[in-house]
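Quick one: the structure is below, questions incoming.
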Amino acid sequence: MQFKSSLVCLVFVSVIFSCSNKTLEPTLQQIIPIPLNQTMEPGYFILSNDTGLNFEEEFSVAGNFLKDYIESGSAFKLNQGNDIVFEKDETITTEEGYTLNVSSNRILIKAKTGKGAFYAVQSLRQLFPVGLENNSFSDAEIIVQNISIQDEPKFVYRGMHLDVGRHMFSVNFIKKYIDALALLKMNTFHWHLTEDQGWRVEIKKYPKLQEIAAYRDETLIGHYNTQPQKFDGKSYGGFYTQEEIKDVVAYATARFVTVIPEIELPGHSQAAIAAYPELGCTGKQVKVATKGGVFENIYCPKEETFTFLEDVFDEVLELFPSTYIHIGGDEAPKTRWKNCDHCQALIKKEGLKDEHELQSYFISRIEKYLNSKGRQIIGWDEILEGGLAPNATVMSWRGFEGAIEAAKQGHDVILTPGSHAYFDHYQSENKDEPVAIGGFLPLEKVYSLNPIPDELTEEEAKYVLGAQGNVWTEYIPTPEKVEYMVFPRILALAEVVWSGPENRDYKEFVSRVENFHKRMDALDINYANHLYEIEGNMVIDGNEAVYELKTATAGKEIHYTLDGSEPTINSEIYKTGIPITKSENIKAIIFANEKPLGTTYNQTINWHKALGHKITLDVHPHHAYTGSGSGGLVNGISGSNERYGDKEWLGFWGEDVEITIDLGAETDISSISTRFHNGNGQWIYAPEKIEIELDNNQIFEVDVPTSESLLAPVSFEQQATTQFIKLRISNYGIIPEGKQGAGNPAWTFIDEIIVN
């Protein structure tokens, strides 16, 4: 990639233009996702009312998009001519590849297909002034920096998801969402249309889906884990008519975005069962769910259920021409099936081992039906359980394991791990962040995603189609909040799936994101701006502890205080790590041109006897929740009171853990305390007891006072002299029926271990 080496030329040219004529100053909006190869050249192209445009019919979508974009964003009217030219180039090896050459004489776009030409236009668009996005551009000419680009995507599947079951969004917003995907060269919109909380697609053969399943009586207020739970008492719902869906699909197709519908089965189907109780195992009337979670009312594998689903898919297939149909397959508790005479008889009849194989039977029947209609299924990684349907594509969300297993079996996979691709998670540790389901997914972690797991061979890696970002909307009721949760993380994902890991540099990417803010402003996108936040990190080397501060953006100063006062331009300027020898309250803020940016960073450090000492764990934390590593348990910093996914909490899934702290010498202690997260809504269950061992085989069993509270603090007081402290923490075990996550291993989350 030749981008960085060309910046000197760009700066030189810009200075000449600005000195001679300010209106001729070229505008370079650095492109996201970054092209495979790009070279800045001296000079510029001038676009004006005299500019001519020429394209063949094969490139009419891209050509007309460019024409409409320029003419709707400015006073220009493009003529027929050879100033901007589209040419077919059969030597380009990929369907979505292109070349873009901006020279002083013309702009030349070459592509093999209409897709490639369209993506070239999206790159060219980012070289134009942002005023074209909202018709605020008023100059007589547009100056475009000369540049040569050769580009193609790393992955064929580049997707974004949107859940409209929990909260619904207008057709106009869905189109705006698709526009953003197109701008970022993403080619798939995964439309999650059915849920426990609402059925959103019109099915004419089953009118009760519109009358009953599309509406719930009320909606949970606040977070699921907040006790006692409260509801708003207001009916909520709606659905997209078939005409609206056809309109959305046509709109997306015109932007080379494929819309994949999701019709959830056999789980997440309580809304449908509320409309047609005979689809469930009990036949009893249930209501559309009013809060998030996993529900035991799932489709019963009866012939009338399969008839219903086949009828539904018949109408869905008429609306969506996509090769893929997503059928869900996740989070389907087997409680009803275990207690259902029909299900147990079916297991025996079909020679199945258990309810997991019954789910595989269910999925396989649906797959055969959709295959007979010329379609392929995608399902969440739970469809691996009990045996994978023959032609299924796996969407791996619970980590990378599902993708690895499916690829090794020769199945196509799409990576969407919760650790890197769930945009309903918190993106900042700022306490003022709007409520989210949990987790912690900052921009940098999205950017670090490599969709091809290291465990795959080169041949197995060919089954990885790409990656997708997911937006679940239990806590996202408005389009503004959807945008806040998606942007700018979608920018990072777009680069992950287009550019590939070998062509990415996070610091350089951040500079482009900062610049891209102007385009998002012009597009009226309510993005989150965390670029001006400060990140802190405790670094311990031997007996010395220092606290380091950094920010993602270049050219800024950090000013800080240690006395709890608000930092000002006159406060200490951060240069190197802050020595820590006692408890401190660090406050810091970023300044640029003597003006504060962002919010005040605030970190309390609790100095205690275990701080910085050697700590070992007999098992590794889960890769999605590694916090600050094992040392984070004794770094003097406690995790968030509300969120389990920040840098200080360590998460373990279904495993017991033994923690050993070496104080370095015999030390007098009087207390040991820590705390566990107890967010049952996220399958997190505090242990009932822990065991503490000191020197001389002093072993103590300590109760963990659990209740419906989100946090479970535990404190052990004992006057003792010891060098080693061991904590043995037993996992809660398999979550029992009737609780959130039933049938799955529980998560254990542990915070700072404080020794005094």
Practice task
Specify the closest pair of heavy atoms between Ile729 and Ile750, including all atoms of both residues, with the distance to one decimal.
Solution key: CD1-CD1, 3.3 Å

Handout entry: Basic-acidic side-chain contact under 4.0 Å: Arg166, Asp163
Key = yes

Handout entry: Listed partners of Tyr224 passing ring-ring contact (aromatic ring centres under 6.0 Å, His included), at least two apart
Key = none

Problem - Step-by-step side chain to side chain contact (heavy atoms under 4.5 Å, CB included) determination, Tyr426 to Val435 - result: CA-CA 8 Å; Tyr426 287 102; Val435 64; 4.0 Å; yes

Handout entry: Side chain proximity check, Pro33 to Lys185, heavy atoms < 4.5 angstrom
Key = yes

Problem - Test item: Ile586 and Ile580 side chains (from C-beta on) under 4.5 Å apart, heavy atoms - result: yes

Problem - Shortest non-hydrogen separation from His167 to Thr219 and the atoms involved - result: NE2-CG2, 4.2 Å

Handout entry: Check: Gln468 main-chain N/O paired with Thr416 side-chain donor or acceptor under 3.5 Å
Key = yes

Problem - Parallel, tilted or perpendicular: rings of Phe749 and Tyr625 (30°, 60°) - result: perpendicular

Handout entry: Close aromatic pair by centroid cut-off 6.0 Å: Tyr447 and Phe509
Key = yes

Problem - Cationic tip of Arg643 above Phe440 ring, under 6.0 Å, 45° of axis - result: no

Practice task
In plain terms, say whether Arg489 and Glu495 are close enough for a salt bridge, that is, a side-chain N and a carboxylate O under 4.0 Å apart.
Solution key: no

Practice task
Please check if the side chain of Asp139 supplies one atom and the backbone of Glu141 the other of a donor-acceptor pair under 3.5 Å.
Solution key: no

Practice task
Assess the pair Trp747 and Trp683: is the distance between their ring centroids shorter than 6.0 Å?
Solution key: no

Exercise for the section: Could you check if a side-chain atom of Ile753 sits within less than 4.5 angstrom of a side-chain atom of Ile661, using non-hydrogen atoms only? Expected result: yes

Handout entry: Step-by-step side chain to side chain contact (heavy atoms under 4.5 Å, CB included) determination, Val144 to Tyr44
Key = CA-CA 5 Å; Val144 186; Tyr44 56 93; over 6 Å; no

Problem - Main-chain N/O of Glu548 paired with Asn537 side-chain donor or acceptor, under 3.5 Å - result: no

Handout entry: Donor-acceptor pair between Tyr69 and Glu133 side chains, under 3.5 angstrom
Key = yes

Fill in the blank from the handout: When every non-hydrogen atom of Ile534 is compared with those of Tyr601, the smallest separation belongs to O-CD1, 3.3 Å

Exercise for the section: Apply salt bridge (Lys or Arg N to Asp or Glu O under 4.0 Å) to the pair Lys481 and Glu483, showing each step before the final yes or no. Expected result: CA-CA 5 Å; Lys481 190 169 181 183; Glu483 292 176 350; over 6 Å; no

Exercise for the section: Indicate yes or no: at least one non-hydrogen side-chain atom of Ile589 is less than 4.5 angstrom from one of Ile558. Expected result: no

Practice task
Could you go through the salt bridge (Lys or Arg N to Asp or Glu O under 4.0 Å) check for Lys556 and Glu514 one step at a time?
Solution key: CA-CA 13 Å; Lys556 314 291 191 300; Glu514 189 173 16; 3.3 Å; yes

Practice task
Go through the steps to decide whether Glu648 and Asn635 satisfy the test side-chain hydrogen bond (donor to acceptor under 3.5 Å, both in side chains), and finish with yes or no.
Solution key: CA-CA 9 Å; Glu648 304 307 326; Asn635 66 357; 3.1 Å; yes

Exercise for the section: Verify whether one side chain among Asp424 and Thr473 offers a donor that lies under 3.5 Å from an acceptor in the other. Expected result: no

Practice task
Would you please classify the geometry between the Trp649 ring and the His677 ring as parallel, tilted or perpendicular, with 30° and 60° separating the classes?
Solution key: perpendicular

Practice task
Working to the nearest 0.5 Å, report the span between CG of Asn641 and CG of Leu710.
Solution key: 8.5 Å

Handout entry: Side-chain donor-acceptor contact under 3.5 Å, Glu752 with His608
Key = yes

Problem - Side-chain (Tyr574) to main-chain (Leu549) donor-acceptor, under 3.5 angstrom - result: yes

Problem - For Arg675, salt bridge (charged side-chain N to carboxylate O under 4.0 Å, His left out) partners two or more places apart - result: Asp751

Practice task
Could you check whether the rings of His622 and Trp653 sit parallel, tilted or perpendicular, using 30° and 60° as the cut-offs?
Solution key: perpendicular

Exercise for the section: Count the heavy atoms belonging to other residues, nucleotides or ligands that lie under 6.0 Å from NE2 of His620, then report whether that count exceeds 12. Expected result: no

Handout entry: Nearest heavy atoms of Asn680 and Asn225, plus distance in Å
Key = N-OD1, 3.6 Å

Handout entry: Approximate separation, where rounding is to 0.5 Å, of Leu441 CG and Leu449 CG
Key = 9.5 Å

Practice task
Evaluate the side-chain proximity of Leu523 to Val130: yes if any heavy-atom separation is below 4.5 Å, no if none is.
Solution key: no

Problem - More than 12 heavy atoms of other groups within 6.0 Å of Glu594 CD - result: no

Handout entry: Minimum heavy-atom distance Ala624-Ser419, with the two atoms named
Key = CB-CB, 3.5 Å

Practice task
Could you tell me whether Glu433 and Lys431 make a salt bridge, using a distance below 4.0 angstrom between a side-chain N and a carboxylate O?
Solution key: no

Handout entry: Close side-chain approach of Lys291 and Phe231, heavy atoms under 4.5 Å
Key = yes

Problem - Gln723 atom CD: more than 12 heavy-atom contacts under 6.0 Å - result: yes

Exercise for the section: List the steps and the verdict of side chain to side chain contact (heavy atoms under 4.5 Å, CB included) for Tyr475 and Met485. Expected result: CA-CA 10 Å; Tyr475 303 99; Met485 300 302 284; over 6 Å; no

Practice task
Apply side-chain hydrogen bond (donor to acceptor under 3.5 Å, both in side chains) to the pair Asn135 and Ser74, showing each step before the final yes or no.
Solution key: CA-CA 6 Å; Asn135 197 25; Ser74 69; over 6 Å; no

Problem - Flag for Ser136-Asn134: side-chain donor and acceptor within less than 3.5 Å - result: yes

Exercise for the section: Check the pair Ser428 / Glu533 against side-chain hydrogen bond (donor to acceptor under 3.5 Å, both in side chains), numbers first and verdict last. Expected result: CA-CA 9 Å; Ser428 166; Glu533 290 184 353; 2.7 Å; yes

Exercise for the section: Could you tell me whether a side-chain N or O of Arg512 sits under 3.5 Å from a main-chain N or O of Ile31, the two making a donor and an acceptor? Expected result: yes

Handout entry: From CA spacing to verdict: side chain to side chain contact (heavy atoms under 4.5 Å, CB included), Ile692, Ile690
Key = CA-CA 7 Å; Ile692 295 176; Ile690 66 171; 4.2 Å; yes

Exercise for the section: Check whether any side-chain N or O of Asn146 sits under 3.5 Å from a backbone N or O of Pro42 as a donor-acceptor pair, and report yes or no. Expected result: yes

Handout entry: Minimum side-chain heavy-atom gap Val714-Phe676 below 4.5 Å
Key = yes

Practice task
Look at the aromatic rings of His559 and Phe591 and report parallel, tilted or perpendicular, splitting at 30° and 60°.
Solution key: perpendicular

Problem - Asp563 backbone acceptor or donor facing Ser565 side chain under 3.5 Å - result: no

Handout entry: 4.5 Å side-chain heavy-atom contact, Asp662 and Thr616
Key = no

Problem - Short side-chain to backbone donor-acceptor contact, Asn602 and Thr600, under 3.5 Å - result: no

Handout entry: Closest approach of Ile34 to Trp498 (non-hydrogen atoms, all atoms of both residues)
Key = O-CD1, 4.0 Å

Practice task
Look only at the side chain of Ser499 and the backbone of Asn503, and say whether a donor-acceptor pair between them is shorter than 3.5 Å.
Solution key: no

Handout entry: N/O donor-acceptor pair under 3.5 Å between Lys176 side chain and Ile174 backbone
Key = no

